[in-house]
Amino acid sequence: MTETSSGGPRRVEIEYCTQCRWLPRAAWLAQELLTTFENELTELSLVPGKGGVFVVRVNGEVVWDRREQGFPEPTAVKQAVRDRVAPGKSLGHSDQPAS
């Protein structure tokens, strides 16, 4: 596995419910994260699940769980991922508070 300049792998996992047909939502979020963190992530995987699951993990740590937080806005997930893989990275307009 490739390591980043910060010294370790940066792996994002999106587990989604196949019964609920949430693959398109998971794939879209994966695309957003890969575009935003193209130099920071070493791996991003989509993990088929069941039972209404939609969970985003960074290096095994849950950063978003649909059951507790509802479906994520991409900005919220980007901020959670950024805080773990690239704390100094600006997300541009995504860092602006909502008006």
Side-chain angles (χ1 to χ4, degrees):
M1 180 178 290
T2 306
E3 293 193 355
T4 62
S5 60
S6 62
R10 300 291 187 228
R11 182 175 194 273
V12 173
E13 181 180 287
I14 301 171
E15 184 178 4
Y16 64 95
C17 180
T18 57
Q19 296 167 316
C20 301
R21 307 241 184 254
W22 288 340
L23 173 59
R25 185 183 297 253
W28 178 75
L29 183 58
Q31 176 185 324
E32 288 287 312
L33 292 174
L34 287 169
T35 300
T36 302
F37 301 104
E38 62 187 343
N39 296 315
E40 291 83 10
L41 296 181
T42 57
E43 181 179 352
L44 190 144
S45 63
L46 298 176
V47 180
K50 296 188 185 299
V53 68
F54 197 93
V55 175
V56 180
R57 295 179 186 89
V58 177
N59 295 331
E61 175 191 356
V62 174
V63 298
W64 199 277
D65 187 336
R66 181 199 64 83
R67 288 190 176 119
E68 295 175 12
Q69 298 158 286
F71 273 111
E73 289 295 323
T75 299
V77 175
K78 286 179 185 181
Q79 289 170 343
V81 170
R82 184 266 320 269
D83 291 348
R84 285 151 183 89
V85 303
K89 182 179 179 81
S90 169
L91 296 178
H93 70 276
S94 294
D95 275 336
Q96 303 303 317
S99 358

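All figures in this text were calculated on a predicted structure; none of them were measured in a lab.
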What heavy-atom pair brings [X] and [Y] nearest, and what distance separates the two atoms?
| X | Y | result |
| --- | --- | --- |
| Ala30 | Leu44 | CB-CD2, 3.4 Å |
| Ala26 | Leu46 | O-CD2, 3.8 Å |
| Leu41 | Leu33 | CD1-O, 4.1 Å |
| Val77 | Pro72 | CG2-CB, 3.2 Å |

For residues 59-70, which residue pairs pass the side chain to side chain donor-acceptor pair (under 3.5 Å) check, not counting sequence neighbours?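 Residue pairs passing side chain to side chain donor-acceptor pair (under 3.5 Å), neighbours aside: Glu61-Arg84.
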Write out all pairs satisfying side chain to side chain donor-acceptor pair (under 3.5 Å) with one or both partners inside residues 20-32, taking only residues at least two apart or from two chains.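 Only Glu32-Lys78 qualify under side chain to side chain donor-acceptor pair (under 3.5 Å).
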For Val53, which fellow cluster members are found when Ile, Leu, Val, Met, Phe, Trp and Tyr are connected by side-chain heavy-atom distances below 4.5 angstrom, either directly or through intermediates?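 Reading the cluster by chain and number, Val53 sits alongside Val55, Val62.
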Taking side-chain contact (heavy atoms from CB on, under 4.5 Å) as the definition, give me every residue that meets it alongside Glu73, ordered by chain and number, with sequence neighbours left out.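 Once residues adjacent in sequence are excluded, Glu73 has no partner under the side-chain contact (heavy atoms from CB on, under 4.5 Å) criterion.
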Could you list the donor-acceptor pairs under 3.5 angstrom formed between side-chain atoms of residues 13-20 and any protein atom two or more places apart in sequence or on another chain?
| unit_1 | atom_1 | unit_2 | atom_2 | d |
| --- | --- | --- | --- | --- |
| Glu13 | OE1 | Arg11 | NH1 | 2.8 |
| Glu13 | OE2 | Arg57 | NH1 | 2.8 |
| Glu15 | OE1 | Arg57 | NH1 | 3.1 |
| Glu15 | OE1 | Arg57 | NH2 | 3.0 |
| Thr18 | OG1 | Gly49 | O | 3.2 |
| Gln19 | OE1 | Gly51 | N | 2.9 |

When clusters are formed by joining ILVMFWY residues with side-chain heavy atoms under 4.5 Å apart, either directly or through shared neighbours, do Val47 and Leu23 land in the same one?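 Shared cluster, no.
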Residues in ring-ring contact (aromatic ring centres under 6.0 Å, His included) with Phe54, at least two apart?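 With sequence neighbours excluded, Phe54 shows a ring-ring contact (aromatic ring centres under 6.0 Å, His included) to Phe71, given in chain and number order.
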Atom CD in Glu43, atom CG in Leu34: separation rounded to 0.5 Å?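 If I round to the nearest 0.5 Å, the distance is 10.5 Å.
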Reference residue Glu40; test salt bridge (Lys or Arg N to Asp or Glu O under 4.0 Å); the match among Arg82, Lys89, Arg10: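 With Glu40 as partner, Arg82, Lys89, Arg10 yield a single salt bridge (Lys or Arg N to Asp or Glu O under 4.0 Å), made by Lys89.
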